[in-house]
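Take a look at the structure set out below.
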Amino acid sequence: MDAEPHVSVHHCHSEKEDIKFFYMNVLLMIEILHRRLLDVIKDEFDRNGITELNGVQGLLLYNIGDSELTAGELRSRGCYLGSNVSYNLKKLVDMDYISHQRSTLDRRLVQVKLTEKGKKLRHLLVSLYDRQLETIEHPGGVKAEDLAFINSTLSRLERFWTDQILYRL
């Protein structure tokens, strides 16, 4: 009888170590994957002779899409790790990829939308993602159910982190 609780305690200790290991690995992988996505976008630009843009700027163009958004709305739509969204938006305006105007409802807010030049570049990224979808399963080895599981898990993790902030857990 004494061996059973000892095994149970040891097993719990091992589970705590396991969850810490996997949690820390997930944190690292999220950062690595984001940086790798930015590299993929920049590589696509380079292959197409577009040298003036970086991966973050490409993500901004992609996330604007057909919408008219404020910088705050854009920030909440995407992850722009280590970047200044306002700075990148200004650069995109200067290069004529996006246009901007003051909101008619709140003059403090500036709304941005893609120009024709920006729409062409966004189409390049849509094509990139479409090509990736053609090969993600074969030879990529990533199946739809794998992505569904990852999406579900990451959504729960995002809710957990949001609760940490909202409820100061």
Side-chain angles (χ1 to χ4, degrees), residues 25-144 146-162 164-166:
N25 199 41
V26 164
L27 299 180
L28 180 62
M29 285 305 300
I30 289 169
E31 184 176 352
I32 289 170
L33 288 171
H34 179 68
R35 291 182 192 282
R36 187 65 63 220
L37 174 61
L38 296 178
D39 291 344
V40 166
I41 291 170
K42 178 61 176 149
D43 181 65
E44 185 69 6
F45 289 163
D46 291 346
R47 290 175 192 223
N48 285 275
I50 302 163
T51 57
E52 72 268 19
L53 294 175
N54 62 42
V56 169
Q57 291 162 341
L59 270 182
L60 285 166
L61 292 172
Y62 183 82
N63 286 328
I64 292 170
D66 294 327
S67 302
E68 206 170 300
L69 303 167
T70 65
E73 290 169 326
L74 195 52
R75 259 186 232 101
S76 68
R77 279 192 177 195
C79 180
Y80 311 106
L81 195 64
S83 72
N84 181 323
V85 172
S86 297
Y87 169 81
N88 281 303
L89 288 175
K90 182 179 179 337
K91 295 289 282 187
L92 290 168
V93 167
D94 292 346
M95 293 184 283
D96 194 37
Y97 287 102
I98 63 172
S99 62
H100 69 294
Q101 65 181 22
R102 293 255 171 229
S103 168
T104 54
L105 300 174
D106 185 345
R107 302 295 296 160
R108 295 170 296 174
L109 299 177
V110 175
Q111 294 182 304
V112 297
K113 67 180 182 178
L114 298 182
T115 62
E116 285 305 312
K117 185 177 176 183
K119 288 177 184 177
K120 286 179 186 173
L121 197 73
R122 184 179 190 277
H123 180 71
L124 180 71
L125 294 176
V126 169
S127 296
L128 167 67
Y129 294 153
D130 287 345
R131 281 195 327 271
Q132 290 176 338
L133 288 171
E134 291 174 12
T135 58
I136 196 165
E137 189 169 8
H138 300 288
V142 180
K143 298 179 181 171
D146 297 331
L147 294 173
F149 179 75
I150 291 168
N151 284 330
S152 172
T153 302
L154 289 175
S155 292
R156 289 193 313 270
L157 186 56
E158 191 273 335
R159 274 194 311 272
F160 172 74
W161 285 343
T162 298
Q164 296 295 299
I165 295 165
L166 292 176

Practice problem: For R159 and S155, test the side chains for any donor-to-acceptor distance below 3.5 angstrom and give the result as yes or no. | Solution: no
Self-check item: Heavy-atom check, side chain of L53 versus side chain of L92, under 4.5 Å
Solution: yes
Self-check item: Inter-residue atom distance F45.CZ - I41.CD1, 0.5 Å rounding
Solution: 6.5 Å
Quiz item: To the nearest 0.5 Å, what is the distance between CD (E44) and CG (L125)?
Solution: 7.5 Å
Quiz item: Rounded to the nearest 0.5 Å, what separation is found between the CD1 atom of I64 and the CG atom of L59?
Solution: 11.0 Å
Exercise. Dump the intermediate steps for side chain to side chain contact (heavy atoms under 4.5 Å, CB included) on L154 and I30, then the final yes or no.
Key: CA-CA 10 Å; L154 289 175; I30 289 169; 4.3 Å; yes
Quiz prompt | Neighbour count >12 (heavy atoms, 6.0 Å) for atom OH, Y129 | solution = yes
Exercise. For residues K42 and T51, report the shortest heavy-atom separation together with the two atoms involved.
Key: NZ-O, 3.5 Å
Exercise. Please report the C-alpha distance between S67 and Q111 in whole Å, then the side-chain angles of each, then the deciding distance to 0.1 Å, and finally whether the side chain to side chain contact (heavy atoms under 4.5 Å, CB included) criterion is met.
Key: CA-CA 10 Å; S67 302; Q111 294 182 304; over 6 Å; no
Quiz item: Is any side-chain N of the basic residue among K91 and D94 closer than 4.0 Å to the acidic one's carboxylate O?
Solution: no
Quiz item: Short question: side chain of N48, backbone of I50 - any donor-acceptor pair under 3.5 Å?
Solution: no
Quiz item: Are the side chains of N54 and L38 in touch, meaning some heavy atoms are under 4.5 Å apart?
Solution: no
Quiz item: Does any non-hydrogen side-chain atom of I32 lie less than 4.5 Å from one of R35?
Solution: no
Quiz item: Out of curiosity, R108 CZ to R102 CZ, how far, rounded to the nearest 0.5 Å?
Solution: 10.5 Å
Quiz item: If you round to the nearest 0.5 Å, how far is CG of L69 from CG of L109?
Solution: 11.5 Å
Practice problem: Look only at the side chain of T115 and the backbone of Y97, and say whether a donor-acceptor pair between them is shorter than 3.5 Å. | Solution: yes
Quiz item: Are any of the side-chain nitrogens in E116 or K119 under 4.0 Å away from the carboxylate oxygens of its partner?
Solution: yes
Quiz item: Any side-chain heavy atom of V26 within less than 4.5 Å of one from T153?
Solution: no
Self-check item: Criterion side chain to side chain donor-acceptor pair (under 3.5 Å) on S152 and R156, from CA distance to verdict
Solution: CA-CA 6 Å; S152 172; R156 289 193 313 270; 2.8 Å; yes
Quiz item: Is there a donor-acceptor contact under 3.5 Å from the side chain of E134 to the main chain of R131?
Solution: no
Exercise. Determine whether L74 and L89 make a side-chain contact, defined as any pair of heavy atoms from C-beta on separated by less than 4.5 Å.
Key: yes
Quiz item: Is K117 atom NZ crowded by more than 12 heavy atoms from other residues, nucleotides or ligands, each under 6.0 Å away?
Solution: yes
Quiz item: Do R122 side-chain atoms and Y62 backbone N/O form a donor-acceptor pair below 3.5 Å?
Solution: yes
Quiz item: Measuring from L128:CG to Q132:CD, what's the distance to the nearest 0.5 Å?
Solution: 4.5 Å
Practice problem: Flag the pair D43 and R47 as a salt bridge only when some basic side-chain nitrogen lies within less than 4.0 angstrom of an acidic carboxylate oxygen. | Solution: yes
Quiz prompt | Heavy-atom side-chain proximity of E68 to Q101 below 4.5 angstrom | solution = yes
